[in-house]
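Bear in mind that the values here come from a model prediction, so they are computed numbers and not experimental data. Throughout, residue positions are numbered sequentially from 1 according to the sequence presented. All values below come from the heavy atoms of this structure, side chains included, with hydrogens, waters and symmetry mates left out.
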Amino acid sequence: MTQQLFISDLHLSAERLDTVQLFIRFLSERAPRADHLYILGDLFDAWIGDDHEAPPIAEIKRAMHQLSQAGTRLWLMHGNRDFLIGDSFCRETGAVLMQDPTLVELNGKPTLLMHGDLLCTDDQAYMKFRREVRNPDFINRFLSQSIQQRLDLAKTYRAQSGEAKSLKPESIMDVNQDTVASYFVEYQADHLIHGHTHRPADHVIELKDKRHYRHVLAEWHHDHGELVCVTPQGFRRETYS
């Protein structure tokens, strides 16, 4: 039976080694039973470039490569924290980098895959920051600096982001419903799967007398992760621990 798995927001780092080991175990125990594994952004808590090799990066890449070599197709989407993942990382892991958004067909249903930050249009300050850091000139300047300089900048950005979030109302960091509707209409999708907001749920949206479904992926923790599994029988959630 065909299985397609969807995860996001693992935020792997040297400071979250329990989550790293949980993910590596997931890649060897649960993921090989699936035909496809989609990682919809923020696999890493920060990614400063493919030339950064500090532990546990090599161990993570090796486990991903073993999964792809064993026959599970591995798909990867940029998140707001790891959008600098590039071709070198993909070659080493066997992952295929997807655009955000990407439309796929699941069980005959057009399904839109996104990280999710593009849906949070009420947070105008973040959307402006996103445009700035995704600019190719900014990326080239950032990657031209030393690894230590990039680490220091990433630390500064994370601190500023955390401070800014603490000052914002919770509602502004969730999706904008009109924006969600516009993506359903533009891509003619029946389902939408995304992460980013850390608010796992399955939403039903009525548009022009037709039901649409938005599946929000969960953040992973040190002792458990959550995934959405799609089979010919439909969509279901699983907890992995």
Side-chain angles (χ1 to χ4, degrees), residues 1-10 30-31 33-43 72-81 83 95-128 130-131 134 168-220 225-240:
M1 180 174 63
T2 303
Q3 286 191 15
Q4 303 187 68
L5 307 183
F6 297 84
I7 60 175
S8 72
D9 299 284
L10 287 84
R30 176 63 183 92
R33 304 204 304 270
D35 302 274
H36 299 265
L37 172 63
Y38 293 85
I39 305 172
L40 300 186
D42 284 0
L43 173 62
T72 298
R73 294 291 305 276
L74 185 57
W75 305 87
L76 183 65
M77 182 176 285
H78 286 150
N80 55 295
R81 291 177 175 267
F83 62 89
V96 177
L97 196 60
M98 297 184 296
Q99 294 296 313
D100 183 3
T102 289
L103 187 69
V104 298
E105 190 171 287
L106 301 177
N107 298 336
K109 302 292 186 181
T111 302
L112 192 61
L113 308 180
M114 303 180 71
H115 174 56
D117 56 336
L118 285 171
L119 302 170
C120 301
T121 51
D122 289 332
D123 191 348
Q124 296 181 14
Y126 168 73
M127 299 304 289
K128 180 176 182 292
R130 187 186 193 280
R131 289 191 295 271
R134 299 293 183 104
K168 294 175 183 176
E170 282 291 317
S171 60
I172 206 173
M173 293 184 286
D174 202 359
V175 302
N176 177 285
Q177 298 301 330
D178 291 337
T179 302
V180 169
S182 72
Y183 274 97
F184 272 119
V185 171
E186 180 181 354
Y187 287 88
Q188 295 294 291
D190 291 345
H191 292 260
L192 166 62
I193 305 175
H194 71 84
H196 180 66
T197 64
H198 301 180
R199 301 179 185 193
D202 298 289
H203 303 273
V204 179
I205 302 164
E206 297 280 353
L207 293 174
K208 297 181 179 179
D209 299 322
K210 181 180 178 181
R211 284 192 166 191
H212 301 260
Y213 302 87
R214 180 167 69 93
H215 311 277
V216 187
L217 301 171
E219 177 188 16
W220 280 43
E226 187 180 285
L227 55 138
V228 166
C229 177
V230 181
T231 70
Q233 280 68 49
F235 291 67
R236 72 170 187 265
R237 291 182 181 272
E238 293 181 16
T239 298
Y240 181 80

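- Between the side chains of His196 and Asp42, not a single donor N or O lies within less than 3.5 Å of an accepting N or O.
- Here the CG-OH distance, from Leu76 to Tyr38, works out to 12.5 Å after rounding to the nearest 0.5 Å.
- Contacts of Arg131 classified as salt bridge (Lys or Arg N to Asp or Glu O under 4.0 Å), with partners at least two apart in sequence or in another chain: none.
- In this structure, Asp122 contributes its side chain and Asn176 its backbone to no donor-acceptor pair below 3.5 Å.
- Between the side chain of Trp75 and the backbone N or O of Met98 there is no donor-acceptor pair closer than 3.5 Å.
- Using a distance-only test at 3.5 Å, with no hydrogens or angles considered, a donor-acceptor pair links the side chain of His115 to the main chain of Leu40.
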Pair Phe6, Leu227 - check side chain to side chain contact (heavy atoms under 4.5 Å, CB included), show working. CA-CA 6 Å; Phe6 297 84; Leu227 55 138; over 6 Å; no

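- For Tyr183, there are no ring pair (Phe, Tyr, Trp, His ring centres under 6.0 Å) partners at least two apart in sequence or on another chain.
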What's the verdict on side chain to side chain contact (heavy atoms under 4.5 Å, CB included) for Leu192 and Leu119, showing C-alpha distance, side-chain angles and the deciding distance? CA-CA 11 Å; Leu192 166 62; Leu119 302 170; 4.0 Å; yes

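- Residues satisfying the ring pair (Phe, Tyr, Trp, His ring centres under 6.0 Å) test with His191, not counting sequence neighbours, are Tyr213, His215, Phe235.
- Here Leu103 pairs with Pro110, Leu112, Tyr187, Ala189 under the side chain to side chain contact (heavy atoms under 4.5 Å, CB included) rule; sequence neighbours left out.
- Every residue two or more places apart in sequence or in another chain was checked for a salt bridge (Lys or Arg N to Asp or Glu O under 4.0 Å) with Glu219, and none qualifies.
- Residues forming a side chain to side chain donor-acceptor pair (under 3.5 Å) with Asn107 (at least two apart in sequence, or on another chain): none.
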Report the C-alpha separation of Val228 and Leu217 in whole Å, then their side-chain angles, then the decisive distance to 0.1 Å, and conclude whether the side chain to side chain contact (heavy atoms under 4.5 Å, CB included) test is met. CA-CA 7 Å; Val228 166; Leu217 301 171; 3.6 Å; yes

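- Here Leu43 contributes atom CG and Ile7 contributes atom CD1; the two are 7.0 Å apart, rounded to the nearest 0.5 Å.
- Leu5 contributes atom CG, which lies 10.5 Å from atom CD1 of Ile39 (distance to the nearest 0.5 angstrom).
- Under 4.0 Å is where a charged nitrogen must lie from a carboxylate oxygen, and between Asp202 and Arg237 at least one such pair does.
- Put simply, the side chain of His194 never gets that close to the backbone of Met114: no donor and acceptor are under 3.5 Å apart.
- The side chain to side chain donor-acceptor pair (under 3.5 Å) search around Gln188 returns none, not counting sequence neighbours.
- Inter-residue side-chain proximity for Arg214 and Gln177 is flagged as met; some heavy-atom pair is nearer than 4.5 Å.
- At least one side-chain heavy atom of Val216 sits less than 4.5 Å from a side-chain heavy atom of His203.
- Checked against side chain to side chain contact (heavy atoms under 4.5 Å, CB included), Arg236 has the following partners two or more places apart in sequence or in another chain: Gln3, Arg30, Cys229, Thr231, Glu238.
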Tell me, with the steps shown, if Lys210 and Asp190 meet salt bridge (Lys or Arg N to Asp or Glu O under 4.0 Å). CA-CA 9 Å; Lys210 181 180 178 181; Asp190 291 345; 2.8 Å; yes

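- Separating the OG1 atom in Thr197 from the CE atom in Met173 is a distance of 10.5 Å, to the nearest 0.5 Å.
- Annotation: salt bridge (Lys or Arg N to Asp or Glu O under 4.0 Å) contacts of Lys208 (sequence neighbours excluded): none.
- Using a 4.0 Å cut-off between charged side-chain N and carboxylate O, Asp174 and Arg199 make a salt bridge.
- The distance from the CG atom of Asp35 to the OG1 atom of Thr2 is 5.0 Å, given to the nearest 0.5 Å.
- Partners of Thr72 by side chain to side chain contact (heavy atoms under 4.5 Å, CB included), not counting sequence neighbours, listed by chain and number: Leu37, Leu67.
- In this view, Ser182 satisfies the side chain to side chain donor-acceptor pair (under 3.5 Å) rule with no residue, not counting sequence neighbours.
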Please step through side chain to side chain contact (heavy atoms under 4.5 Å, CB included) for the pair Leu97 and Met77, ending with a clear verdict. CA-CA 6 Å; Leu97 196 60; Met77 182 176 285; over 6 Å; no

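- The CZ atom of Phe184 lies 7.0 Å from the CG atom of Leu207; values are rounded to the nearest 0.5 Å.
- Considering only residues two or more places apart in sequence or on other chains, Arg130 meets the side chain to side chain contact (heavy atoms under 4.5 Å, CB included) condition with Asp100, Asp117, Leu118, Tyr126, Arg134.
- A pairwise comparison of heavy atoms in Ser8 and Gly195 identifies OG-CA, 3.4 Å as the closest pair.
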